[in-house]
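Here the structure comes first, spelled out in structure tokens, and everything after it is commentary.
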Amino acid sequence: RRWYNGYKWLGEAVYNPFDILLFISNGYIYENYWFSTGTPTFLLKLIERNNYFLPDFENIVKDRKMLDSFDVDFIDVETLMWQTGYLTIEEKIDLFDEIRYRLVIPNHEVRISLFGVISEYLTGLRTTTYKDNIKVSLYKRDLEMFKRSVLSLFSSIPYNLFTHNRMYEREGYYVSVFYAYMKGMGVEVIGEDVTNKGRIDLTLIFPDVVYVMEFKVDEGGALEQIKGKRYYEKYLSIGKDIYLVGIEFDSGKRNVSNLEWVKMF
């Protein structure tokens with residue numbers, strides 16, 4: 001159910017039958033069967049062209065007119081994803097005399113596959129070494145290893161990736177890259193995590209630890225902002241250790257200029 005169910009059209013969720021047949025015939029091995037049949041190149045280029053902020057996938061609400069749009073010159077990223085099966089309807093919202101639809105990624109297969117491809121596209125990196133090291137360091141709570149791994153990741157992004165644009169100057173690029181990497185590894189990530197004091201850039205939730213992260217580009221104070229706004233209070237009652245992590249980037253160097261952390265509880 002977690003891997004292959006979740007496709008909804010205002011009714012009961014259904015499985016992808018293509019996945020299920022291949023899952024059975026392949027000896028009950030969990031793989032990305034449907035997603036591997038094609039790379040969504042047009043979708044990836046649209047995300048890049050629109051400088052789409054990937055954590056916005058956490059809260060997509062559209063009306064029927066937007067969902068039914070077929071103008072390829074002006075189509076929204078979310079609309080294209082809905083029409084091609086990467087998003088599905090989670091909820092119908094009655095807004096007075098208008099109807100809205102909340103869209104979500106249907107299941108684990110689509111989530112890890114889609115964000116895996118997006119992270120590779122945004123960084124030009126195909127190796128899994130960087131992702132594995134980052135994930136392991138967070139599981140082990142080895143923040144020194146995490147710092148080295150993040151530095152290595154952004155140091156390895158080819159310079160010619162930025163020849164025709166200046167997306168590295170925007171905070172959203174760095175947040176989106178890290179968000180995509182985490183999602184592509186199956187980590188529970190909350191983007192634009194709302195609190196009573198503001199929004200946390202990213203929250204990473206592991207079995208026994210929570211990481212509250214703030215990103216800055218060409219300015220300092222990332223960790224101080226988390227402390228000052230007490231973002232961590234949202235997670236005090238869940239019984240997990242909490243780490244605050246501030247990550248600051250230098251757009252000239254296109255890499256991390258400062259990464260610091262503190263364990264709160």
- [ ] Among Ser156, Ser149, Ser155, find the residue that satisfies the side-chain contact (heavy atoms from CB on, under 4.5 Å) test when tested with Ser152.
- [x] Ser156
Open item on the list: In this structure, would Ile29 and Leu21 fall into the same cluster of hydrophobic residues linked by side-chain contacts under 4.5 Å?
Closed with: no
Task: Beyond-backbone contact of Asn16 with Tyr33, side-chain heavy atoms, under 4.5 angstrom - done: no
Task: side chain to side chain contact (heavy atoms under 4.5 Å, CB included) evaluation trace for Trp82 with Ile89 - done: CA-CA 8 Å; Trp82 147 251; Ile89 295 176; 3.7 Å; yes
- [ ] Decide side chain to side chain contact (heavy atoms under 4.5 Å, CB included) for Val77 and Leu43; before the verdict, give the C-alpha distance in whole Å, the side-chain angles of both, and the deciding distance to 0.1 Å.
- [x] CA-CA 7 Å; Val77 171; Leu43 172 61; 4.0 Å; yes
- [ ] Could you list all the salt bridge (Lys or Arg N to Asp or Glu O under 4.0 Å) pairs where at least one residue sits in residues 179-196, not counting sequence neighbours?
- [x] Glu58-Lys183, Asp193-Lys234
Open item on the list: Just so I know, are the side chains of Val212 and Met264 near enough to count as touching, which here means a heavy-atom distance under 4.5 Å?
Closed with: no
Task: Side-chain (Asn5) to main-chain (Asn107) donor-acceptor, under 3.5 angstrom - done: no
Open item on the list: Do Met213 and Asp201 make a side-chain contact, defined as non-hydrogen atoms from C-beta onward lying under 4.5 Å apart?
Closed with: no
Task: Over all atoms of both residues, closest heavy-atom pair of Lys240 and Pro207 - done: CE-O, 3.2 Å
Task: Centroid-centroid under 6.0 Å between Tyr28 and Phe23 rings - done: yes
Open item on the list: To check you understand the geometry: which heavy-atom pair defines the closest contact between Gly191 and Pro55, and what is its length?
Closed with: CA-CB, 3.8 Å
Task: Over all atoms of both residues, closest heavy-atom pair of Leu138 and Tyr211 - done: O-OH, 2.6 Å
- [ ] Provide the closest heavy-atom pair for Ala222 versus Gly246 in the form atom of the first, atom of the second, distance.
- [x] CB-CA, 3.7 Å
TODO: Classify the ring geometry between Trp34 and Tyr86 as parallel (under 30°), tilted (30 to 60°) or perpendicular (over 60°).
DONE: tilted
Open item on the list: I want to check something: taking the side chain as every heavy atom from C-beta on, are Arg141 and Asp241 in contact at a cut-off of under 4.5 Å?
Closed with: yes
TODO: Among Val175, Leu223, Val256, find the residue that satisfies the side-chain contact (heavy atoms from CB on, under 4.5 Å) test when tested with Ile247.
DONE: Val256
Task: Side-chain heavy-atom pair Tyr7, Val110 within 4.5 angstrom cut-off - done: yes
TODO: Treating Ile, Leu, Val, Met, Phe, Trp and Tyr as nodes and any side-chain heavy-atom pair under 4.5 angstrom as an edge, say whether Val194 and Tyr232 lie in one connected cluster.
DONE: no
Open item on the list: Determine whether a donor-acceptor pair (N or O, by modelled atom type, separation under 3.5 Å) exists between the side chain of Lys135 and the backbone of Met185.
Closed with: yes
Open item on the list: What I want to find out is whether Asp142 reaches Arg148 closely enough, with some N-O distance under 4.0 Å, to be called a salt bridge.
Closed with: no
TODO: Count the heavy atoms belonging to other residues, nucleotides or ligands that lie under 6.0 Å from NZ of Lys197, then report whether that count exceeds 12.
DONE: yes
TODO: Please round to the nearest 0.5 Å and tell me the distance separating atom CG of Leu153 and atom CG of Asn133.
DONE: 10.0 Å
Task: Rounded distance (nearest 0.5 Å) linking atom CG of Asp218 with atom CG of Asp250 - done: 5.5 Å
Open item on the list: What's the separation between atom NZ in Lys227 and atom CG in Leu244, rounded to the nearest 0.5 Å?
Closed with: 7.5 Å
Open item on the list: Listing request: all salt bridge (Lys or Arg N to Asp or Glu O under 4.0 Å) pairs with a residue in residues 100-116, at least two apart in sequence or in separate chains.
Closed with: Glu91-Arg102, Glu98-Arg100
Open item on the list: Please report the interatomic distance CD(Glu224) to CD(Glu214), rounded to the nearest 0.5 Å.
Closed with: 11.0 Å
Task: Check: Phe57 ring centroid to Tyr179 ring centroid under 6.0 Å - done: no
- [ ] Of all the heavy-atom pairs spanning Tyr52 and Asp56, show the shortest one and how long it is.
- [x] OH-CB, 3.6 Å
Open item on the list: Any heavy-atom pair between the side chains of Leu103 and Met81 that's under 4.5 Å?
Closed with: no
Task: Co-members of Met145 in a cluster of I, L, V, M, F, W and Y side chains, linked at under 4.5 Å - done: Val136
Open item on the list: Can you classify the ring geometry of Phe206 versus Tyr139 as parallel (below 30°), tilted (30 to 60°) or perpendicular (above 60°)?
Closed with: perpendicular
TODO: Indicate if Val14 and Ile105 have the same hydrophobic cluster label, given that clusters are the connected sets of ILVMFWY residues with side-chain heavy-atom separations under 4.5 angstrom.
DONE: yes
Open item on the list: For Gly85 versus Pro106, what's the shortest heavy-atom pair and its separation?
Closed with: O-CG, 4.1 Å
Task: Side chain to side chain, Ile99 and Tyr101, heavy atoms closer than 4.5 Å - done: yes
Task: Intermediate values then yes/no, side chain to side chain contact (heavy atoms under 4.5 Å, CB included), Leu236 and Ile242 - done: CA-CA 8 Å; Leu236 291 179; Ile242 301 173; 4.0 Å; yes
Task: Ring-ring centroid check Phe154 Tyr174, cutoff 6.0 Å - done: yes
Task: Any donor-acceptor N/O pair, Ser119 side chain to Ala180 backbone, under 3.5 Å - done: no
- [ ] Quick one: pull up CD1 in Ile118 and CG in Leu54 and give me the separation to the nearest 0.5 Å.
- [x] 5.5 Å
TODO: Answer yes or no: is there a side-chain heavy-atom contact under 4.5 Å between Ile75 and Leu46?
DONE: yes
- [ ] List the steps, then state whether side chain to side chain contact (heavy atoms under 4.5 Å, CB included) holds for Asp19 with Trp3.
- [x] CA-CA 9 Å; Asp19 281 326; Trp3 270 80; over 6 Å; no
- [ ] Please work out which of the three classes, parallel, tilted or perpendicular, describes the rings of Tyr30 and Tyr4, given edges at 30° and 60°.
- [x] parallel
TODO: Give a yes or no answer on whether the side chain of Ser251 reaches the backbone of Arg254 with a donor-acceptor pair at less than 3.5 Å.
DONE: no
Task: Shared hydrophobic cluster for Val104 and Ile205 (ILVMFWY, side-chain gaps under 4.5 Å) - done: no
Task: Interatomic distance, Leu22 atom CG to Glu31 atom CD [nearest 0.5 angstrom] - done: 10.5 Å
